[in-house]
Amino acid sequence: MATGREILEARGGLGADVIAVRVGADVVDLMTSLPEGTSPSDVVPIRASDPDGLAVIRHSTAHVMADAVQRLFPGTQVTIGPAIDNGFYYDFARPSGQFTDEDLEKIEAAMRDIIGGNHDFRREVVSRPEAESLFSKLGETYKLEILAGVSEPITLYRHGGWVDLCAGPHVPNTRFLRAVKLTHVAGAYWRGDERNPMLQRIYGTAFATDAELAAHLAHIEEAKKRDHRKLGKELGLLGFHPWAPASPFFLPRGAALYSLLVDYVRALYREHGYSEVVTPQVYDIELMKRSGHYDNYREGMFFAVTADGGELSEPEKEGDAPRFTGDVRWGVKPMNCPGHCLLYAMDKRSYRDLPMRIADFGRLHRYERSGVTQGLTRVRTFAQDDAHVFCTFDQVADETRDFLGMLDRVYRDFAFEDVRIALATRPERSLGTAEQWTLAEETLAHAVRSAGREFVVNPGEGAFYGPKLEFQLKDALGRPWQLGTIQVDFNMPERFGLEYTGADNVAHQPVMLHRAILGSIERFLGVLIEHVGGHFPAWLAPEQVCVVTVSEKFNDYAREAIGSLRAAGLRVASDLGGDKLGAKIRNARAFRYPYLAVVGGREAEQRGLAVRQGDADLGFLTLDAFAARVRAESVAPSLRLSSPI
RNA sequence: GCCAUCUUAGCUCAGGGGUAGAGCAACGGUUUCGUAAACCGUAGGUCCGGGGUUCAAAUCCCCGAGAUGGCUCCA
């Protein structure tokens, strides 16, 4: 049978930028014979700039990088080197020494050398023994391990003198690899398992053209400027201290933002029939044993001890931690649900009480391993817009739909697009029966479908007590974050023996839904800061306007104006210092206030403000007109119609 | 947790065995100014912590802490 190249050439359609072909769902390189019976009309050319083409280029670049690494660092073994979303990587087992940033430059230079050699990529089908003998001769033990798990046909790809066990596809020739950049080195476990040896991974990226590569690198630089850790510091929102690792301090401006966000959720709760509760932070471990957290979530928890009934001794060596001998009786809550079960059971419940929607902004603590924490997005202490809905099984679908509606509203208020839904199913460690899980999974899937939404399945990613829907957004760096979630739980009500009296005057067991829209408030703020680049809308901004004076001569009027705006309910910052106006404006802009109001002689005389909104000059506004304008924007869009101004 | 890198003034960063540096911020003074940085001066340090090597360590080595990038998108 003919190759893709032959078929395209026969059609006269082999353009200079065609690097592979698509046949049905498969991407095949140009030099591979297509299966018998392939109709030429099914062969679609893939160009360098197509998404599939980009993956081919990147994977081929990974080969060239591995070639370069083995030239420069003899004895280094290759393992795997796939194309990934924004580039590629290759994992190496290097007998001694580590790759440094200088090495990356050398490797890149060697790659340019190889690419300049205009080597053809050649595909070769070999027998298993042939492959085994080749890679054992080369001393590639990882490749032998991979080979053992690979099914026929076994293919090799060569360019120049370099060979790799590889399924392909690849570009026809190294000259198609033009715009290449190695980005960073990282450790990575063999097959991602921390019991395996640590390999050294080199990340890089490649594009069809230099311009696209430059644009991608510029995009990364841009994203770094929006990094919430950087902005959090610059805008005076956040602080951290080594004595509270992975635990943010919200400074006054950050705390203002935090409260406004929580107040926003409270307003939604009022419309959607939730009641807020406040519950304990530290519980007897009996609670965690009852809920299953002690058995299933212990390594994610903090435990607390008291001097009562135990002995706290100073360490022998300086720098060591004090030792405690005694009973560990207390656990710091990692989730609100067990406490809410206790709360539910504090009264006798009727079917008339259901659904019972209990919201809790309680602080949670989870022990995240030291290497995985980052900024606000992965922390050890946080609060969620957490609520539990106790309901009958028949109410689950309606509650899920109401939740989806609420969620849509929230993500629209924050102008988040590209929200992806995933159904996370039963994990290895889980409570309850297979029947319960299946039923719960199907109920969630049905609710999403009936709301006209699509979802993907994440097998084994569910919570230990039930399946969940996860709602994912991407941050400025393109990293996906799970924010909202809704989880069906039959197990917790059973463990706590929860009941309600039905219309039939018989005790029934309620179903419990765990749900959050923002998820962790901390994480949401991190993502939001990056999403808006620090430019918060007027309804969320810590201060909605900054009043600055042209000179200190006008401070008296400025104070009067500030007082009047505050009396009208505005959040107002000011700069009444001795700087020149230009400097004040520069400083105020760095803080990204939604509005900037300049006050000088004219404004004092006419009892108003010279207002700008971002870059837009709004000119003169009276105090009343400006206050009315800002107050109209002081409520989230989805709440504006329903709340009187 | 593991691998790599980093940690110097409030912030951003330079320096790299021989007396600790800059810009911005702070503080004091002068200027009272109309839309992205006025001028002069003053003060500010456990160079992340501990140990070692050395005549001498912020600098080299070891241990620890924290932060940052990663730790299957599978040949």
What does [X] touch in the nucleic acid at a heavy-atom separation under 4.0 angstrom: a base, only the sugar-phosphate, or nothing?
X: A:Thr373; result: sugar-phosphate
X: A:Glu603; result: base
X: A:Ala186; result: base
X: A:Gly375; result: sugar-phosphate
X: A:Gly81; result: nothing
X: A:Ile84; result: base
X: A:Glu552; result: base
X: A:Thr100; result: nothing
X: A:Gly371; result: base
X: A:Val372; result: base
X: A:Ala588; result: nothing
X: A:Ala83; result: sugar-phosphate
X: A:Gly601; result: base
X: A:Pro197; result: nothing

Kindly say whether the aromatic ring centers of A:Tyr595 and A:Phe626 come within a distance under 6.0 Å.
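Ring-ring flag for A:Tyr595/A:Phe626: true, centres closer than 6.0 Å.
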Kindly state whether the ring of A:Phe92 and the ring of A:Tyr90 have centres lying under 6.0 angstrom apart.
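Ring centres of A:Tyr90 and A:Phe92 closer than 6.0 Å.
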Can you tell whether the side chains of [X] and [Y] come within less than 4.0 Å, N to carboxylate O?
X: A:Glu605; Y: A:Arg602; result: no
X: A:Asp103; Y: A:Lys106; result: yes
X: A:Asp91; Y: A:Arg201; result: yes

Answer whether the closest heavy-atom distance between the side chains of A:Trp190 and A:Glu145 falls below 4.5 Å.
yes
Determine which nucleotide pairs with [N], using a 3.5 Å limit on both distances of a Watson-Crick or G-U wobble pair.
N: B:rA57; value: none
N: B:rG16; value: none
N: B:rA65; value: B:rU7
N: B:rU35; value: none
N: B:rC73; value: none
N: B:rC27; value: B:rG41
N: B:rC47; value: none

side-chain hydrogen bond (donor to acceptor under 3.5 Å, both in side chains) partner of A:Glu530, the single match among A:His228, A:Lys230, A:Arg226, A:Arg229:
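Output: one option passes, namely A:His228.
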Is the shortest side-chain N/O distance from [X] to OP1 or OP2 of [N] below 4.0 Å?
X: A:Arg229; N: B:rG69; value: yes
X: A:Lys584; N: B:rU35; value: no
X: A:Gln374; N: B:rG69; value: yes
X: A:Arg201; N: B:rC71; value: yes
X: A:Gln200; N: B:rC3; value: no
X: A:Arg586; N: B:rU35; value: no
X: A:Tyr203; N: B:rC71; value: yes

Of the listed nucleotides B:rA67, B:rG34, B:rU32, the one nearest the side chain of A:Ser551
B:rU32
I need the [atom1]-[atom2] distance between [X] and [N], as an integer number of Å.
X: A:Asp91; N: B:rA4; atom1: CG; atom2: C1'; answer: 14 Å
X: A:His59; N: B:rC73; atom1: NE2; atom2: P; answer: 16 Å
X: A:Asp579; N: B:rU30; atom1: CG; atom2: C1'; answer: 14 Å
X: A:Asp103; N: B:rU5; atom1: CG; atom2: C1'; answer: 14 Å
X: A:Gln606; N: B:rG34; atom1: CD; atom2: C1'; answer: 14 Å
X: A:Leu596; N: B:rU35; atom1: CG; atom2: C1'; answer: 8 Å
X: A:Asn587; N: B:rA26; atom1: CG; atom2: P; answer: 8 Å
X: A:Phe240; N: B:rC48; atom1: CZ; atom2: C1'; answer: 17 Å

For A:Trp190 and for A:Phe99, locate the closest nucleotide of RNA chain B by heavy-atom distance; then report the residue assigned to the nucleotide nearer the 5' terminus.
A:Phe99
Starting at the 5' end of RNA chain B, which residue's closest nucleotide do you reach first, A:Leu199 or A:Ala583?
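Final value for this comparison: A:Leu199.
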Determine the interatomic distance between P on B:rA43 and the same-named atom on B:rG29; round to the nearest Å.
16 Å
How many angstroms lie between OG1 in A:Thr381 and CZ in A:Phe302, if you round to the nearest 0.5 Å?
8.5 Å
